[in-house]
Structure formats: structure tokens, C-alpha cells
Engineer: 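Sharing a structure below in C-alpha cells format, with a few things to ask.
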Amino acid sequence: MRLAALLAALRPVLPLVLGLSLGCSLSLLRASWSQGGGEEQCPGAAGPPGARAGGAQLEAADGRPGPGHEDFRPRIVPYYRDPNKPYKKVLRTRYIQTELGFHERLFVAVLTSKATLNTLAVAVNKTVAHHFPRLLYFTGLRSAKVPHGMVLVAHGDERPIWLMYETVHYIHQHFGSDYDWFYIMQDDTYAQAEQVKALVTHLSINQDVYLGRAEEFIGGDEQARYCHGGFGYLISRSLLLKLHPHLDSCRNEILSVRPDEWLGRCIIDFLGITCVSQLQGQHYHTYELAKNTEPEKEEEEEFQAALAVHPVSDMTLMYRLHKHFSRIQLDRTYQEIQDLQMQIRNLTSLTPAGEGGLTWPVGINAPFLPKSRFEVISWDYFTEQHLFSCPDGSPKCELSGASKADVSEIIESALEQLNSRYQPLLRFSKRQLLNGYRRFDPTRGMEYTLDLLLEAVTQKGHSHVLAKRVSLVRPLSKVEIIPMPYVTEATRVQLVLPLTVHDLDFVANFLDMFAMNTLDTHDNALLTLLFIYHPYDAQRVSQVDVFAGVKAMVGELEKRYAEVKIPWISVKTEVPSQVKLMDIVSKKHPVDTLFFLASVWTEINMEFLNRCRMNTISNWQVFFPVHFQEFNPALVYRGEQTASSSTDFLRDGHFDRHSFAEACFYNSDYMTARTKLAADILDRDEVLESMEVFDVFLHYSGLHLFRAVEPGLVQKYALRSCNPRLSEELYHRCVLSNLEGLASRSHLAMALFEQEQANST
């Protein structure tokens, strides 16, 4: 009985014990075989010991790689500093890509001329230029007028050979260390950009590549080939680096009429490399257009697979070629999508969820599932004329602009899908959009639900009116990174703090936080105070200065920090317009000053100041953060212990979207926008009382306005004083900010409940 009980207890672990035993036995056997190899060689092996069949060499006994493997093994460079030399701070590169030695993939050079600069070159720029990562145009003109949206390099000599020489020299000098591949084409060439980019991803960057349409030299060596310039050609970075020292010799010694022949002869004579049309299993397909060719009627397989087409005689033909090849690429993409969807359907039945786990549309992420009622994504209702969820908060507004185009396109797409599914049995036409709903799901894209009143016509001509509900999804496409100018965290920030008589109770806390988070940490930030006197207080300033206490606190700070000076500016006004105040401050600072317009309730910290520096870009972007506003502690805690005063986490509060008091911008950008505003309003200064700095940048600058929630910018609760002399909109926003800053709905409901209980007793 005991033996049976023991076996029953050990039965679950028997597979584990057997697996461990088998694994240990096999490892011991393998170790004995490897040790028994000794000095023996494989039967039939030729050559010295240490050589493998096929020519690959073994590594040396000390672990160093054999010849030809230097580029594929990591090397650790030990740090050594000469003690006799003074220490010098190491300057890091601007981008990690530069430090690691990465290169961009492809650079494209287009050769143009005076006759085709405003025709064919413009057509190239409008069709394929935006598909390439970097594209430049090269011409021999001296002072050519550059068409809009093009980057032109003028060499000043229209001789073809000289233009080719200067172009190759310019590419090496400015881009030789930044790109792996260089594609040179003429402006009468149509190149399929996506196919060219796909080609270079399949080629090794460590080889000398001269790839294009190989042509024989006239009267030359039968084995040597040059790449025809009309069809474009690809040059690797390694080949360009080897070719550059010989360019001057080629220019002086090689005579040729055609620039592509001259370049091909230069590469062959000095590097011994000939042009090829096939390399590493990749083919460079080309097609030569005949006169009066109709691209839409070309059905040859060679034409459909061409990477480059030449010659293109005019702009219209360039656009027609682009439309034709774009349609081919689109059909291929649709077919690939259908194939992938079919594979997903076939594989879904093998998953644990089965066919029930198949999402719609197939291959698109499933809809977002909210975990609480606060995460539910609401639907926006619309018709063909009106939208019932307006940006300004009104219940109904006219459907116009991008929204109207979006609704029209989605209805047209719904009819197209219905007809493609039911034709030829039924043909649908729209009579009316009964109901429309849409919402943006961040996990998949824009979703639509349409109730359509349709007229269905059969093959025999019978018609019937019916209502049908359709669902559509506009999925999120490829995410692109928007290039932004480079900024650093070393920029000095000039804080500007406007103060009124109502702010005196909060100045001490602001100055303490400023001293602790910027002066003690030696952050590159300065402070300017702006004292706003009421006319009555200004008349009595010699007798009673309402800001005397603040000035005394500033004096104490300047004594504590000897190197710090905190200037102040006194202003007398009844209506403290933010724009008028900023006009005074702007004139007293250099144009390259980075301003942070703060409020007295703001808790300054280094984290936010760095974000202010990074998010504000001169002549490009201004930053208007949405601060985090604490709720009224009397309503939130109701006598209980308050939360910690640490700013490392967000306390009970909300992001105050009604406030535009904080702003980060450069003085030069403000002055530019303010000049445009002055020309618009002329001498009507009363208009400035209804505006904020945000309105100035929004309406009178072409800059990006970056407005985002800022968890590092926290403000304690305080009841703001709303000036009724300001505009109605500004006063209304101030009141809303005070009301929404009292407490959350749950806290207000609890306070009302307790008050009702107290009243009932």
C-alpha cells in the first residue's frame, strides 16, 4: 500500500525527472565526442589544418576573426586618457544615428537644363520627388529661377561633361558620408520611386555597385559597358568614395560627347568596374518608349515591370505614366491585401478563439473595448447638411470643409462597395442619407455607420426602395515622423510674472519654488516681475506702495544669491491686457529671448522648463501648456488629511483647458506676429483688451501652435479674480475655470449629500 501511494505521489513529476536525466546524459555524450576530436581532420580535407571546405577560414585560437571577417565582429575600444594632457569634456554628436555611423538609404540627383527646368523637371517634382527621402536638381545655369518646392544646384556651366563632373563632385562633398546609395537620372526619365527604393534594400552596401541599363561603347571594348543616363543608374557609396580622387584625371584625359559615357569610361579606366543590369539576384528593368506611345494601352510585361522609362517627351506624358504605374501599384497592393486576408481567415480557425476571434475588417485591429464608462468613445451624429457635434461646443453646425468632403467620400465608397458586391443582379443608387454616425478609434481609425435610403434596380428594370445600414472603417495608414528643427536644453528661459494687487498672497510661495527649483540648481533661467498698478494705487505709491512687500522679498533673494538680479517693471492700467503687457516686456529684451509667460500660482520646476525649451522652436513652433489645477481641498478632503505636497505625482485635480495664461515663445516670433496685428487693427487699441497672446499667434503667425497637457506644471487651488473690464469671452473663460476647479462631480455630489443630511437633522 505504501509503495502504491508513493508511486501515485511521484507520478506527476516522473516526466520531469526523465527529461532531466535524458538531457544530462546527452550533454555528457556530446562533451566526450567534442573532446575526442583532437587533431584529426575530416576525411578528404585538403589544405592546412584550420581551413574549411569552401574556402571559409576558421577563427584563430585566441578568438580573433580570420581575414575577411573584420566588419562582422564587434570590437571593444578601451578608454584611455593621457594623464599628461588636461581633461577635456567629450562632445557627443547631435544625433545617435551619427554616433553609431548609420547612413541614410538613398540620395537622388536629377540632371536638368534650361529648356526643361520649368517643364519636365517640375513634372518629376510633382510625381515622384515626394517618394524619395532626398532629391536635388542639378543644372548648368548660372542664375536660374527656381520653381516652387524644388531644391536646385546651379553649377554655372552648361557643358554636359562639366555638369556631370560638378554633380558627382558635389554629391561626394556634401552627401558622400550621409547616404549608402546614389541614384542619378535625367528629367526626361520616369522612375518608379517605390521600386527603386525596394531595389536598394536588397543590395549589399559593402560592394562597389554600378547598376543600370548596360550599353556598349561605340568602337570600344566589347566587354566594357557603361550605364545609359536616360534610364538612370545606381552608384554605391563605396564606389563613389573610390571614384572621387580620379575625377580630375578623368576630366582632363577622357574625351566624350555623352556625359554618361564619360562617367562609365572613368569608372572602367580607374576602378575596373563595368556597368551591369543584374546584381545579387536583382534586375534593373527598363523600357524605351516609342513615339506617340499610349501608356494606358501598353500591355507588355517588360513595360509593366520597368523601374525606369525613357524618353519622356513632355509633361503630360510624365503625368500619364505616373497615373498608369500608380494604378498598377495600387492593384498589386489590393491583391496583396486580399491574399493576406484569405490567409488570416484560413489560420483563424486554428487559433484557440476559432472563427469567433476574426475581426472586421479582416487584418484590422479589433475595436477598442472600454473598461469603464469613462473610456467609452462617443459617436458623432451627422447628416448630409449638418454636424451635431461641433468643435465650438454648439449643438448643431453646418457641414463644410474637410468634414463635408469626408462624408461625401464615405457615402460614395459605400455605394461602390454595395454595387461591386451585388452587381449584375442589383444596381444601387442613393436617394438620401437617413442617419450618419462616426467616431475616431485610436486603435484602428475612423469608424462610420450609415443608414442609407437606396433605390435598387434589377436586371429586368424593376426598382424598389429600401433602407440599408452599412458600416465602414477608414484605417490608420502608415505613421510618418514629421521632421522638426533641432533644439537643445541649454537655452536660457526668461520668466515673466505679471502681478496685480489680488496676487499678493501667493507671491511668497512662487518665489520660494523659483529659488528652490532654479536658483539652487543653477538652472539657466531668469525672472522678471511685472507690477500692475491700478491708477488709484499708482497715485499713492510714494505714500503706500502695495508691492512693497514683494520688492522686499526680491531684495532678500538677491542678497542670498549674489549673482542673481531680479528686475521689475511697473505698469499703470485699469485693464491688464495680456498683449499690452507683453508689448512692454518685449521691447526690453533681445529678439532671441525665450519667454515663459507664467502665473503666480505656477510651481516652477526644472522638468517643465526643459520641456518649454524643447517644445518651443524659433520661427517654427510656440508652446501653450495646459497646467494641472488642484481642486479645492475643503471640498475634496473635507477635514481629512490632505495629500502630500510633493510634485512627483498628480494630486486630486484636473487639467484646466480654459486657461491660456502660460506660454513659451521666442521674442522674435512674437514681434513678427505683433507687427501683422498692428497692421490689421491700425490704431484701434481697444481691440487688444479682448485678445490674449494665444490669439496673436493663432491669427497672425504661420507657426505651429503646440497645446498639450503638462503634468509638470501644477497649480495649487486658488479662487481667481476675474476682471469684468476684459472681453466677454475672456471673462466667461475665467469664470468657467473657477467653477470647474472647485472639485470633481463625485466630490461635489458627496458635499451636497452631506449638506442635505446636515440640514435634515
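All residue numbers in this chain count up from 1 along the given sequence.
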Engineer: Is the backbone N or O of I566 less than 3.5 Å from a side-chain atom of E558, with the two atoms forming a donor-acceptor pair by type?
Structural biologist: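 Between the backbone of I566 and the side chain of E558 there is a qualifying donor-acceptor contact (under 3.5 Å).
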Engineer: Going by an N to O cut-off under 4.0 Å, is there a salt bridge joining R745 and E740?
Structural biologist: no
Engineer: Classify the angle between the aromatic ring planes of F628 and F655 as parallel (below 30°), tilted (30 to 60°) or perpendicular (above 60°).
Structural biologist: perpendicular
Engineer: Would you check if the side chain of N610 reaches a backbone N or O of E607 as a donor-acceptor pair within less than 3.5 Å?
Structural biologist: no
Engineer: Looking at R611, is its backbone amide N or carbonyl O close enough to the side chain of N615 to form a donor-acceptor pair, meaning the two atoms are under 3.5 Å apart?
Structural biologist: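 Yes: the side chain of N615 pairs with the backbone of R611.
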Engineer: Is the ring pair H589/F595 parallel, tilted or perpendicular, if the boundaries are 30 and 60 degrees?
Structural biologist: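 H589 vs F595 ring planes: perpendicular.
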Engineer: Tell me the closest heavy-atom pair linking A129 and Y137, and the distance in Å.
Structural biologist: CB-OH, 4.0 Å
Engineer: ring-ring contact (aromatic ring centres under 6.0 Å, His included), that's the test. Do F547 and Y533 meet it? Break it down for me.
Structural biologist: CA-CA 9 Å; F547 293 106; Y533 287 88; 4.9 Å; yes
Engineer: For A598, is there any backbone N or O sitting under 3.5 Å from a side-chain donor or acceptor partner on T602?
Structural biologist: no
Engineer: For a 4.5 angstrom cut-off between non-hydrogen side-chain atoms, does E574 reach Y536?
Structural biologist: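 No; the side chains remain at least 4.5 Å from each other.
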Engineer: Crowded around K126 NZ? As in, over 12 foreign heavy atoms under 6.0 Å?
Structural biologist: no
Engineer: Stepwise, does the salt bridge (Lys or Arg N to Asp or Glu O under 4.0 Å) test hold for R613 with D523?
Structural biologist: CA-CA 12 Å; R613 297 180 178 103; D523 199 335; 2.8 Å; yes
Engineer: What distance separates L739 CG from H658 NE2, expressed to the nearest 0.5 Å?
Structural biologist: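 The distance works out to 9.0 Å.
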Engineer: Do D592 and N667 come within less than 4.5 Å of each other through their side chains, counting heavy atoms only?
Structural biologist: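 No - every pair of side-chain heavy atoms lies 4.5 Å or more apart.
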Engineer: If you measure only the distance, is there a donor-acceptor pair under 3.5 Å linking the side chains of T119 and T116?
Structural biologist: no
Engineer: Can any side-chain N or O of D380 pair as donor or acceptor with the backbone N or O of L387 at less than 3.5 Å?
Structural biologist: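 Absent.
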Engineer: Under 3.5 Å, is there a donor-acceptor pair between the side chain of E630 and the main chain of D652?
Structural biologist: no
Engineer: How many angstroms lie between atom CG of L530 and atom CG of L497, to the nearest 0.5 angstrom?
Structural biologist: 8.5 Å
Engineer: Is the shortest side-chain heavy-atom distance between D406 and R438 below 4.5 Å?
Structural biologist: yes
Engineer: Is there a side chain to side chain contact (heavy atoms under 4.5 Å, CB included) between F596 and Q494 once you walk through the steps?
Structural biologist: CA-CA 6 Å; F596 168 45; Q494 178 66 59; over 6 Å; no
Engineer: Any heavy-atom pair between the side chains of N524 and V493 that's under 4.5 Å?
Structural biologist: no
Engineer: Under a plain distance cut-off of 3.5 Å, with no hydrogens placed, do D669 and T672 share a side-chain donor-acceptor pair?
Structural biologist: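 No, no side-chain donor-acceptor contact under 3.5 Å.
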Engineer: Walk me through whether T573 and K580 qualify under side chain to side chain contact (heavy atoms under 4.5 Å, CB included).
Structural biologist: CA-CA 10 Å; T573 179; K580 289 184 177 180; 5.9 Å; no
Engineer: For F660 and F694, take the angle between the two ring planes, folded into 0 to 90°, and tell me which bin it lands in: parallel under 30, tilted 30 to 60, perpendicular over 60.
Structural biologist: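 It falls in the tilted class, 30° to 60°.
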Engineer: To the nearest 0.5 Å, what is the distance between CG on L594 and CZ on F623?
Structural biologist: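 One gets 11.5 Å once the value is rounded to the nearest 0.5 Å.
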Engineer: Is the CD atom of E398 crowded by more than 12 outside heavy atoms at less than 6.0 Å?
Structural biologist: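 It does not: E398 CD has 12 such atoms or fewer within range.
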Engineer: Mind checking whether Y437 and W379 have parallel, tilted or perpendicular rings, split at 30° and 60°?
Structural biologist: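 The rings of Y437 and W379 stand perpendicular, inter-plane angle above 60°.
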Engineer: Determine whether F132 and L135 make a side-chain contact, defined as any pair of heavy atoms from C-beta on separated by less than 4.5 Å.
Structural biologist: yes
Engineer: Count the heavy atoms of every other residue, nucleotide or ligand shown that sit under 6.0 Å from NZ of K588, and state whether that count exceeds 12.
Structural biologist: no
Engineer: Checking L476 against F440 for the side chain to side chain contact (heavy atoms under 4.5 Å, CB included) test, could you report, in this order, the C-alpha distance in whole Å, the side-chain angles of both residues, the deciding distance, and whether it holds?
Structural biologist: CA-CA 10 Å; L476 294 172; F440 178 72; 3.9 Å; yes
Engineer: Could you state the interatomic distance from CG (L330) to OG (S326), rounded to the nearest 0.5 Å?
Structural biologist: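 Going from the CG atom of L330 to the OG atom of S326 covers 8.5 Å.
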Engineer: Would R134 and D178 pass as an ion pair if we require N to O under 4.0 Å?
Structural biologist: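 Salt bridge absent between R134 and D178.
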Engineer: Look at the side chain of S586 and the backbone N and O of D583, then say whether any donor-acceptor pair between them is shorter than 3.5 Å.
Structural biologist: no
Engineer: How long is the span from the CZ atom in F368 to the CZ atom in R444, to the nearest 0.5 Å?
Structural biologist: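 Between atom CZ of F368 and atom CZ of R444 there are 13.0 Å.
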Engineer: Step by step, would you call T112 with F138 a side chain to side chain contact (heavy atoms under 4.5 Å, CB included)?
Structural biologist: CA-CA 6 Å; T112 184; F138 295 86; over 6 Å; no
Engineer: Could you check whether any side-chain N or O of S737 sits under 3.5 Å from a backbone N or O of R733, counting only pairs where one atom can act as donor and the other as acceptor?
Structural biologist: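 No.
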Engineer: What class does the angle between the rings of Y381 and F388 fall in, given that below 30° is parallel, 30 to 60° is tilted and above 60° is perpendicular?
Structural biologist: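 Y381 and F388: tilted rings.
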Engineer: Among side-chain atoms of Y700 and D695, is any donor-acceptor pair under 3.5 angstrom?
Structural biologist: no
Engineer: Decide yes or no for V110 and L136: does some side-chain heavy atom of the first lie under 4.5 Å from some side-chain heavy atom of the second?
Structural biologist: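 Heavy-atom side-chain distance check fails, nothing below 4.5 Å.
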Engineer: Considering only NZ, NE, NH1 and NH2 on the basic side and carboxylate oxygens on the acidic side, decide whether E409 and K404 come within less than 4.0 Å.
Structural biologist: no
Engineer: Are side-chain heavy atoms of V591 and Y666 found at a separation under 4.5 Å?
Structural biologist: no
Engineer: What do the steps show when you test T500 against D503 for side-chain hydrogen bond (donor to acceptor under 3.5 Å, both in side chains), and what is the final call?
Structural biologist: CA-CA 5 Å; T500 65; D503 304 328; 3.2 Å; yes
Engineer: Got a sec: does the CD of E412 have more than 12 other heavy atoms crowding it under 6.0 Å?
Structural biologist: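 Atom CD in E412 is not packed in, count stays at 12 or less.
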Engineer: Could you measure the distance from the NE2 atom of H148 to the CG atom of N125? Nearest 0.5 Å is fine.
Structural biologist: 9.5 Å
Engineer: According to the interplanar angle, ranging from 0 to 90°, do the rings of F510 and F514 count as parallel (below 30°), tilted (30 to 60°) or perpendicular (above 60°)?
Structural biologist: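 If you compare the ring of F510 with that of F514, the planes turn out parallel.
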Engineer: Taking side chain as C-beta onward, heavy atoms only, is S701 less than 4.5 Å from K676?
Structural biologist: no
Engineer: Do side-chain atoms of H174 reach the backbone of Y170 as a donor and acceptor pair under 3.5 angstrom?
Structural biologist: yes
Engineer: Can you give me the closest heavy-atom contact between N738 and C722, atom names plus distance?
Structural biologist: ND2-SG, 3.5 Å
Engineer: Parallel, tilted or perpendicular: which describes the rings of F631 and H654, with under 30° parallel and over 60° perpendicular?
Structural biologist: parallel
Engineer: Using modelled atom types and a 3.5 Å cut-off, is there a donor and acceptor pairing between side-chain atoms of T521 and backbone atoms of N517?
Structural biologist: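 Indeed, once roles are kept as given, a pair shorter than 3.5 Å links the two residues.
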Engineer: So for atom CZ, which belongs to R657, do other residues, nucleotides or ligands contribute more than 12 heavy atoms lying within a distance under 6.0 Å?
Structural biologist: no
